[in-house]
Amino acid sequence: MRIALSILIGIYSIIHLFGFFKAFRISEFNVITQPISKTLGIIWLLTFIMFAVTAVLLLMQSKYWWIIGAGGVILSQFLIINYWSDVKLGTILNLIILVSIIITYSTFSFKKNIRNETTRIFENTDTTNKKIISEQMISDLPTVVQKWLLNNGTIGKEPIYNVYLEQDLQMLMKPKQKDWSNAKAKQYFTIEPPAFNWSINLQINPLVGLVGRDKFENGQGEMTIKMFSLFSIADAKNDEKINQATLQRYLAETVWFPSSVLSPYITWEAVDLHSAKATMEYNGTKGSGVFHFDENNNFKKFVAMRYKDIQDLNPTEWAVIATKTELRNGIKIPIELKANWKLNNGNWTWLKLKITNIKYNI
């Protein structure tokens, strides 16, 4: 789509150049039957330049191409109005470019908002605790959790106080959907205070794209999905169910930064030899789930009763299951996982996730 739009704008820019040629009698431009003054000829030239620059910036994937493009559309439509009877069809091309600009601006604004939110949670992060984690510090945790921390390399290292990671995703938006949709996501975490900001770009098909943002901050959750970064499909916030669901998500994802299980907001109780229940309470929001570990003391799965959305009357069993574990930055973590909802007619695996990049204490 980007290349096709660049070619369209490039060709459109050349058409405007002929208006300049006619004004200065360099060549004829028979499409326009009326004479063109030299003043308007300069505007035809400026429009050509703006659209040409727009096409180049778009090919270079510059996020600012829309600014120059918007100026080109304004000048072009001004010229079309002056020569309406001859070039009124150019309005259609201007509308195509304008719609693309609006979508691009919406995406730019959406990402800028995420950057501002991420900056805020990082600025509020407490990074003063750099005391090396020892076996004594984890002695009050259930035995299975201690074994997990000893096995994954947390002991002997400084605590993790923030995280940045990138993910490749495959998603099914509905239980009966057959074809997986591919997506990429970025996520930021802080541990003190506990918060995350997760953003996703999801391509439903070649023509339809979605962006989304989930966040947990100050004990409250928000979930937003927009088509073309413009039209809201889902916007949930200021609700106890959403707050609890995002807190439980944060709790499940602590397996990527294991030292956070020492957080004062998380309490633990043993369930059996291979599992332990964690309960997290922060700023009025409370949730829990059970961590399961395999015989080698690797994280196996997290299971919780969680609300799928704001309309749910009752929570549904939600499981996050590790399918591949590897060493990253000296810590053994699950890098490939899948997520299930337990529905009446069986498990619905709606997400497959792969961590492609993860950084600590950035």
Side-chain angles (χ1 to χ4, degrees), residues 1-115 181-184 201-212 225-233:
M1 289 295 292
R2 175 180 57 85
I3 295 175
L5 183 60
S6 300
I7 293 172
L8 175 65
I9 296 174
I11 294 172
Y12 194 41
S13 69
I14 294 172
I15 293 173
H16 288 81
L17 184 60
F18 286 110
F20 166 75
F21 287 163
K22 179 166 184 172
F24 286 85
R25 298 181 180 179
I26 298 172
S27 70
E28 285 298 319
F29 187 39
N30 295 326
V31 172
I32 298 179
T33 57
Q34 306 169 58
I36 300 177
S37 68
K38 290 186 176 181
T39 300
L40 287 177
I42 295 298
I43 297 178
W44 281 93
L45 177 63
L46 287 174
T47 308
F48 156 73
I49 293 172
M50 295 188 81
F51 277 141
V53 171
T54 298
V56 172
L57 290 177
L58 187 55
L59 279 173
M60 295 173 62
Q61 301 187 47
S62 169
K63 59 185 178 181
Y64 299 110
W65 71 269
W66 59 271
I67 299 176
I68 307 298
V73 168
I74 292 170
L75 290 181
S76 177
Q77 197 59 37
F78 168 77
L79 293 170
I80 288 171
I81 292 171
N82 278 272
Y83 300 96
W84 181 257
S85 60
D86 294 324
V87 292
K88 55 181 176 291
L89 291 179
T91 300
I92 297 174
L93 291 174
N94 281 338
L95 284 173
I96 293 173
I97 298 171
L98 182 61
V99 168
S100 300
I101 287 171
I102 292 172
I103 292 172
T104 302
Y105 172 76
S106 298
T107 302
F108 176 83
S109 180
F110 187 81
K111 291 181 178 180
K112 182 179 180 182
N113 183 53
I114 291 171
R115 285 196 300 272
S181 298
N182 295 319
K184 290 185 178 296
N201 286 290
L202 174 65
Q203 201 66 37
I204 300 296
N205 58 52
L207 297 178
V208 179
L210 301 178
V211 295
I225 300 175
K226 291 186 176 184
M227 183 179 293
F228 304 122
S229 306
L230 189 60
F231 307 106
S232 289
I233 296 175

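Counting begins at 1 with the first residue of the sequence.
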Spacing of CG belonging to Leu98 relative to OG belonging to Ser76, to within rounding of 0.5 Å
11.0 Å
Derivation of the ring-ring contact (aromatic ring centres under 6.0 Å, His included) call for Phe20 and His16:
CA-CA 7 Å; Phe20 166 75; His16 288 81; over 10 Å; no
Specify whether Phe21 and Phe18 have parallel, tilted or perpendicular ring planes, treating 30° as the upper limit for parallel and 60° as the lower limit for perpendicular.
perpendicular
Write down the atom of Ser85, the atom of Gln34, and the distance for their closest heavy-atom approach.
OG-NE2, 3.7 Å
Side chains of Leu8 and Leu93, heavy atoms from C-beta outward: is any pair under 4.5 Å?
yes
Answer yes or no: is there a donor N or O on one side and an acceptor on the other, between the side chain of Ser6 and the main chain of Arg2, under 3.5 Å?
yes
Atom pair CG/CG of Leu210 and Asn201 - distance to nearest 0.5 Å
9.5 Å
Is there a donor-acceptor contact under 3.5 Å from the side chain of Lys22 to the main chain of Ile32?
yes
State, yes or no, whether a side-chain contact exists between Trp66 and Ser100 at a heavy-atom distance under 4.5 Å.
no
Can you name the salt bridge (Lys or Arg N to Asp or Glu O under 4.0 Å) partners of Lys112, sequence neighbours left out?
none
Nearest heavy-atom contact between Val87 and Ile80 is O-CG2, 3.6 Å
Main chain of Ser106, side chain of Ser109: is a donor-acceptor contact present, judged purely on distance under 3.5 Å?
no
When rounded to the nearest 0.5 Å, the distance separating CG of Leu89 from OG1 of Thr91 is 8.0 Å
Side chains of Tyr83 and Thr33 only: does a donor on one sit below 3.5 Å from an acceptor on the other?
no
Only pairs under 3.5 Å count here: list side-chain donor-acceptor contacts from residues 44-64, not counting sequence neighbours, and write none if there are none.
from	atom 1	to	atom 2	distance (Å)
Thr47	OG1	Ile43	O	2.7
Thr54	OG1	Met50	O	2.7
Thr54	OG1	Gly69	N	3.1
Ser62	OG	Tyr64	N	3.2

Kindly indicate, with the supporting measurements, whether the criterion side-chain contact (heavy atoms from CB on, under 4.5 Å) is fulfilled by Phe24 and Ile42.
CA-CA 9 Å; Phe24 286 85; Ile42 295 298; 3.8 Å; yes
For the student: nearest non-hydrogen atoms of Ala183 and Leu202, plus distance
CB-CD1, 3.6 Å
So which heavy atom on Ala70 is nearest to which on Ile101, and how close?
N-CD1, 3.4 Å
Can you confirm whether Ile67 sits close enough to Phe108 that some side-chain heavy atom of one is under 4.5 Å from a side-chain heavy atom of the other?
no
Which distance, rounded to the nearest 0.5 Å, do you find between the CG of Asn113 and the CZ of Arg115?
9.5 Å
Between the CD1 atom in Ile14 and the CD1 atom in Ile9, the distance rounded to the nearest 0.5 Å is 12.5 Å
